[in-house]
Amino acid sequence: MYCVAYKFTLLSNNSETRRQFIEVWSGLTDFFRDSCGALGSRLHYNDDDGVFYAYAQWPSHAIKQASGDVEPTDSFGKLRLKWAELCGPSEVLWEGEVVADMLS
């Protein structure tokens, strides 16, 4: 299994933009899971710094890389546009192969 951890900072951090961001993030995650072979993702919010953190899981690094070749749907494009209205550039914190897994 291959994982990627992200950091997302909203352009305007209030309850409505957080709600919208979670909705958009969920839709994008659905696309990657349903159309690209991703295993899903988890999203976390840190009140201390007002930032969202997430990690996505993939069966392999090759499947993650191949996701870039998948034709985006119209709804995916709309979600990406909304994402750009809500969020600054995404930051990849780390990525790599799982070597031990204690989640249940």
Side-chain angles (χ1 to χ4, degrees):
M1 187 178 334
Y2 193 78
C3 294
V4 184
Y6 299 96
K7 178 181 178 182
F8 309 116
T9 304
L10 299 182
L11 297 174
S12 172
N13 191 352
N14 58 58
S15 61
E16 179 59 17
T17 56
R18 288 192 299 270
R19 184 199 64 75
Q20 290 178 24
F21 177 79
I22 293 167
E23 185 177 296
V24 170
W25 172 85
S26 298
L28 293 172
T29 296
D30 287 344
F31 173 81
F32 284 109
R33 188 189 58 231
D34 298 343
S35 302
C36 303
L39 297 174
S41 183
R42 285 193 170 112
L43 183 66
H44 307 267
Y45 181 73
N46 185 329
D47 277 325
D48 293 338
D49 61 7
V51 172
F52 283 96
Y53 296 90
Y55 60 94
Q57 295 180 314
W58 298 83
S60 68
H61 186 244
I63 291 173
K64 180 195 176 292
Q65 286 184 306
S67 71
D69 298 330
V70 173
E71 188 70 29
T73 61
D74 288 339
S75 60
F76 178 86
K78 289 176 185 175
L79 288 169
R80 290 293 292 161
L81 289 173
K82 185 64 178 176
W83 180 281
E85 292 175 14
L86 298 170
C87 187
S90 303
E91 182 180 346
V92 174
L93 299 175
W94 56 263
E95 56 185 286
E97 295 291 335
V98 174
V99 296
D101 188 351
M102 299 302 292
L103 286 175
S104 52

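For clarity, every value in this text was computed on a predicted model and none was experimentally measured.
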Worksheet entry | Evaluation steps, side-chain contact (heavy atoms from CB on, under 4.5 Å), between Ser26 and Glu23 | CA-CA 5 Å; Ser26 298; Glu23 185 177 296; 5.8 Å; no
Spell out, yes or no, whether [X] and [Y] are grouped together once hydrophobic residues are joined by side-chain heavy atoms under 4.5 Å, including indirect joins.
X     : Y     : result
Ile63 : Val70 : yes
Tyr6  : Val98 : no
Leu39 : Val4  : no
Leu86 : Val51 : no
Trp94 : Tyr53 : yes

At what distance, to the nearest 0.5 angstrom, does [atom1] of [X] lie from [atom2] of [Y]?
X     : Y     : atom1 : atom2 : value
Cys36 : Asp30 : SG    : CG    : 11.5 Å
Tyr2  : Ser60 : OH    : OG    : 10.0 Å
Trp58 : Glu97 : CH2   : CD    : 13.5 Å
His44 : Tyr55 : NE2   : OH    : 4.5 Å
Glu85 : Gln20 : CD    : CD    : 8.0 Å
Arg33 : Ser67 : CZ    : OG    : 14.5 Å

Worksheet item: Which residues pass the side chain to side chain contact (heavy atoms under 4.5 Å, CB included) test with Leu81, sequence neighbours left out?
Response: none
Identify the heavy atoms of [X] and [Y] that sit nearest to each other, and give their distance.
X     : Y     : value
Ala54 : Leu43 : CB-CD1, 3.8 Å
Gly50 : Asn13 : O-ND2, 3.0 Å
Pro59 : Gly37 : CD-O, 3.2 Å

Worksheet item: Counting N and O atoms only, with roles assigned by atom type, does the side chain of Thr17 sit under 3.5 Å from a partner on the main chain of Ser12, one being a donor and the other an acceptor?
Response: yes
Worksheet item: Above 12 or not: heavy atoms from other molecules or residues under 6.0 Å from CG of Asp101?
Response: yes
Item to complete: Test Phe52 against every option in Tyr45, Phe8, Trp25 by the ring pair (Phe, Tyr, Trp, His ring centres under 6.0 Å) rule and name the one that passes.
Response: Tyr45
Item to complete: Anything under 30° is parallel, anything over 60° is perpendicular, the rest tilted; go ahead and classify Phe21 against Trp83.
Response: tilted
